[in-house]
Engineer: 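Got a structure for you, questions after.
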Amino acid sequence: MDKMMWCKPEMNEFAFAANEYVAACGDITSRIYNFICNAAAGTLYYYDRDNNNQQEYLGSYYHPCKRTHKVEVDVGSGEELPFYEGFVDYNKNERENDDEHVAVWIEWGTRLWGEKYVKNAHAMKALSITEIEADKS
Amino acid sequence: MMRYEKPSVHVTEHIGPLDNDQIAALSDAELEAYLSENGYRERKKLYRANSNYVYRKIAGEGVLIPSGDLPGNVMVTVNGTGGFLWEQLQEPKTIGELIAAAKAAYDDPNHELEAQIREFVQNRVKTGQIWEVK
């Protein structure tokens with residue numbers, strides 16, 4: 001097999017403008033994100049950031065509701081964004097391939113006995129969750 | 001009882017002046033002193049990719065997307081050889097193992113590969129993209 005030609009390994013960081021909610025005055029209490037449920041139907045997975053980004057199955061019957069959901073997140077309370085990186089497994093090989101990546105919004109519920117469960121999941125065509133825009137004040 | 005950990009063997013270079021027979025004849029204390037003097041511990045260090053970054057390839061270019069507690073408004077682009085090293089570092093590796101893997105995959109006519117890998121790892125440890133494994 002032919003070898004590739006070595007070139008200097010590089011990583012470059014770049015910062016981009018955060019989708020921030022900026023209040024004209026007073027304390028910011030919440031930020032509203034516009035999550036568009038527009039990824040085509042298929043088997044949906046997300047990467048669990050609380051578990052080494054392990055791939056987790058969400059369901060094989062995901063379909064887009066094609067609405068823009070206004071997702072309100074408390075600011076300053078330390079609450080995590082409810083969005084995750086994920087993919088829709090269109091070719092059913094149980095791993096992510098090109099053009100399968102989506103941002104995932106999970107609506108979590110809590111059972112009476114305290115167990116967390118997925119009430120609903122939505123998927124947005126996006127390279128990452130950083131593309132989800134927030135409303136400006 | 002001791003804590004179980006995954007059994008592993010890592011190859012490190014030997015650049016000291018003694019040959020293997022001479023090293024085998026050293027006492028434990030002499031061996032420790034010899035290895036310490038010849039930078040053995042440094043070469044034995046293991047590194048791995050910071051698992052809080054998600055590595056993606058977009059239009060042929062690698063991108064590290066921060067997750068977890070990392071700042072969300074910074075992304076890191078990675079060129080081809082950087083991506084190769086990142087993929088190698090999904091499992092802990094010594095610098096020597098990284099160099100060996102890169103030499104197997106790449107032609108290095110200008111003999112820059114070793115120095116550039118050392119520099120890359122040192123710089124990325126400072127910026128937190130690569131961890132030294134304890």
Engineer: Answer yes or no: is there a side-chain heavy-atom contact under 4.5 Å between A:M5 and B:P109?
Structural biologist: yes
Engineer: Are B:F84 and B:V125 linked, directly or through other ILVMFWY residues, by side chains that come within less than 4.5 angstrom of each other?
Structural biologist: yes
Engineer: Which atoms of B:A115 come close to chain A, meaning under 4.5 Å heavy atom to heavy atom: side chain ones, backbone ones, both, or neither?
Structural biologist: neither
Engineer: For B:K103, does its backbone N or O pair with a side-chain atom of A:K3 as donor and acceptor, under 3.5 Å?
Structural biologist: yes
Engineer: Crowded around A:N93 CG? As in, over 12 foreign heavy atoms under 6.0 Å?
Structural biologist: yes
Engineer: If two hydrophobic side chains count as joined below 4.5 Å and joins carry through other members, does A:Y46 share a cluster with A:V73?
Structural biologist: no
Engineer: Step by step, work out the side-chain contact (heavy atoms from CB on, under 4.5 Å) result for A:W6 and B:I117.
Structural biologist: CA-CA 11 Å; A:W6 177 258; B:I117 288 178; 3.7 Å; yes
Engineer: For chain A, which of B:V76, B:N123, B:L64, B:T77 has the most heavy-atom pairs under 4.5 Å?
Structural biologist: B:T77
Engineer: Let me know if B:N52 has heavy atoms under 4.5 Å from chain A in its side chain, its backbone, both or neither.
Structural biologist: backbone
Engineer: Once salt bridge (Lys or Arg N to Asp or Glu O under 4.0 Å) is applied, do any residues pair with B:E112, and if so which ones, sequence neighbours excluded?
Structural biologist: none
Engineer: More than 12 foreign heavy atoms under 6.0 Å from CG of B:D28: is that the case here?
Structural biologist: no
Engineer: Looking at A:E96, A:M11, A:R49, which has the largest count of heavy-atom pairs under 4.5 Å with chain B?
Structural biologist: A:M11
Engineer: Please classify the contact between A:N53 and chain B as side chain, backbone, both or neither, with a heavy-atom cut-off of under 4.5 Å.
Structural biologist: side chain
Engineer: If you round to the nearest 0.5 Å, how far is CG of A:D98 from CZ of B:R56?
Structural biologist: 8.5 Å
Engineer: Suppose we screen for side chain to side chain donor-acceptor pair (under 3.5 Å). Which residues come up paired with A:T68, at least two apart in sequence or across chains?
Structural biologist: none
Engineer: If two hydrophobic side chains count as joined below 4.5 Å and joins carry through other members, does A:I36 share a cluster with A:V71?
Structural biologist: yes
Engineer: Check whether A:E85 gets within reach of chain B through its side chain, its backbone, both or neither, counting any heavy atom under 4.5 Å.
Structural biologist: side chain
Engineer: Please determine whether residues A:I129 and A:V104 belong to a single hydrophobic cluster, defined as Ile, Leu, Val, Met, Phe, Trp and Tyr linked transitively by side-chain heavy-atom distances below 4.5 Å.
Structural biologist: no
Engineer: For the CD atom on B:E91, are there more than 12 heavy atoms of other groups (residues, nucleotides or ligands in this structure) within a distance under 6.0 Å?
Structural biologist: no
Engineer: Are any side-chain N or O atoms of B:N79 and backbone N or O atoms of A:K8, one a donor and one an acceptor, separated by less than 3.5 Å?
Structural biologist: yes
Engineer: Which pair of heavy atoms, one from B:Q116 and one from A:C7, lies closest together, and at what distance?
Structural biologist: OE1-C, 4.1 Å
Engineer: Which bit of B:L113 is near chain A, if near means a heavy-atom gap under 4.5 Å: side chain, backbone, both or neither?
Structural biologist: both
